[in-house]
Amino acid sequence: MNEPDPIRVLLADDQELLRGSLRLLVDSTPGLVAVGEAGTGARAVELARSERPDVVLMDVRMPGMDGIEATRRICGEPCGVKVLILTTFDLDEYVYAGLRAGASGFLLKNTPPADLLAAIRVIAAGEGLLAPSVTRRLIAQFAQFTQFAPTATDRPRSGPMLDGLTAREREVLTLVARGLSNQEIAASLHVSTATVKTHIGHLLAKLGARDRAQLVIAAYEGGLVSTSRPHP
C-alpha cells in the first residue's frame, strides 16, 4: 500500500530563528515536509505560487506586505493553498481581518508543538481550525474589533448574501456561528449528525466559503448573528 504524499508546509515569519524552529519541527514529523521559508509577505505569495504548499503558516506582522494582505492574495489564487495564521496575542485585532482575508484558522505562537502539528493536519484536510471554544472567544472579539476597524472593508456588512439559504440552513449557520459542534447542532435541531454535515456542505457551496471559519464570518457579515451579545 502506497504511503500518502506528505503535507507540504510553507513557513512565513520575519524571525529567522522562529522559521528555523518551525522547519525543524515540521521536517522531523512523519507525514509533513517544509517546502520553503519566507521572511516577508511578498515572498510568501511568491513561494505559495511556485511551491504550491498545502498549508502556509503565516505570521501577521512582517515588513512590507503584511500577513493579512499576503493571505488575501494567496487565498485568492485558484490553487487551493490553505493559510493558518500564527499570532502573538489571542485578542489580536488582526485575527478577524485574517479570517476575512481567507485564512482557515489561527493559533497562538506559544501553542504546544503537538497542537500545532495537529492543526496543520486539520487545515490540510480542508477543515477550519475553529473549535467551538475558539469560536466562542472570537465572537467576543468581533464586537470589540468592529467598533474600531480601520477601514470600511474591515467592518461587517449586511446584505443579500444569505437570501438564497433555506430556513433550516439559516438555523444551522446561526448555530455554527455561535460555536456549536456538529454533534451539538444535531442535538439542538433533533436531527442526525449526517444531516448537519449535509447542511454545512450546502452552506459552504452557497456562500462560497472554504471551511467552517469562513461560515462564521459569513454569518456575522450577513447580519444573521449579532455581535452585541456574544455567547460565552
Side-chain angles (χ1 to χ4, degrees), residues 60 68 71-72 75 82-85 87 89-108 119 122-123 125-149 151-232:
V60 172
I68 302 301
T71 296
R72 183 175 293 109
C75 293
K82 310 286 195 312
V83 175
L84 173 59
I85 288 180
T87 182
F89 306 105
D90 61 352
L91 293 180
D92 190 340
E93 66 270 20
Y94 289 105
V95 170
Y96 179 77
L99 291 174
R100 285 203 60 216
S104 294
F106 78 96
L107 281 180
L108 298 181
V122 167
I123 295 298
E127 300 293 333
L129 189 72
L130 285 183
S133 60
V134 176
T135 304
R136 293 180 184 115
R137 188 167 73 244
L138 267 177
I139 290 170
Q141 295 170 37
F142 285 154
Q144 298 176 15
F145 173 67
T146 56
Q147 292 175 358
F148 58 85
T151 66
T153 58
D154 288 323
R155 299 187 182 100
R157 59 187 182 274
S158 59
M161 60 185 300
L162 305 181
D163 287 353
L165 303 184
T166 66
R168 180 47 63 105
E169 287 168 349
R170 284 173 173 263
E171 286 182 299
V172 172
L173 182 58
T174 299
L175 296 177
V176 168
R178 289 177 177 172
L180 274 66
S181 67
N182 286 356
Q183 291 77 10
E184 290 170 331
I185 294 172
S188 176
L189 298 179
H190 305 289
V191 298
S192 69
T193 302
T195 297
V196 173
K197 289 181 179 179
T198 298
H199 286 308
I200 289 178
H202 292 163
L203 288 168
L204 292 170
K206 288 185 177 182
L207 298 176
R210 295 178 179 85
D211 48 44
R212 202 179 192 92
Q214 298 299 303
L215 290 181
V216 174
I217 299 300
Y220 278 87
E221 292 187 334
L224 186 61
V225 182
S226 170
T227 59
S228 60
R229 291 183 297 175
H231 287 254

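What you see is a predicted model; the values in this text were computed from it and never measured.
- Counting only residues at least two apart or in different chains, salt bridge (charged side-chain N to carboxylate O under 4.0 Å, His left out) contacts with residues 189-209 comprise E169-K206.
- The two residues I85 and A103 make their nearest non-hydrogen contact at CD1-CB, 3.8 Å.
- A distance of 10.0 Å separates NE2 in H199 from CD1 in I185, rounded to the nearest 0.5 Å.
- The structure places OG1 of T174 at 11.5 Å from CG of L215, a figure rounded to the nearest 0.5 Å.
- The side-chain hydrogen bond (donor to acceptor under 3.5 Å, both in side chains) search around R168 returns E171, not counting sequence neighbours.
- Between A219 and A177, the shortest heavy-atom contact is CB-CB, 3.5 Å.
- Across every non-hydrogen atom of A119 and L107, the tightest pair is CB-CD1, 3.4 Å.
- Closest of all the heavy-atom pairs between L162 and R170 is O-NH2, 3.1 Å.
- Nearest approach of S188 to L175, heavy atoms of both residues: OG-CD1, 3.9 Å.
- Applying the side-chain hydrogen bond (donor to acceptor under 3.5 Å, both in side chains) rule to T195 yields the partners S192; only residues at least two apart in sequence or on another chain are considered.
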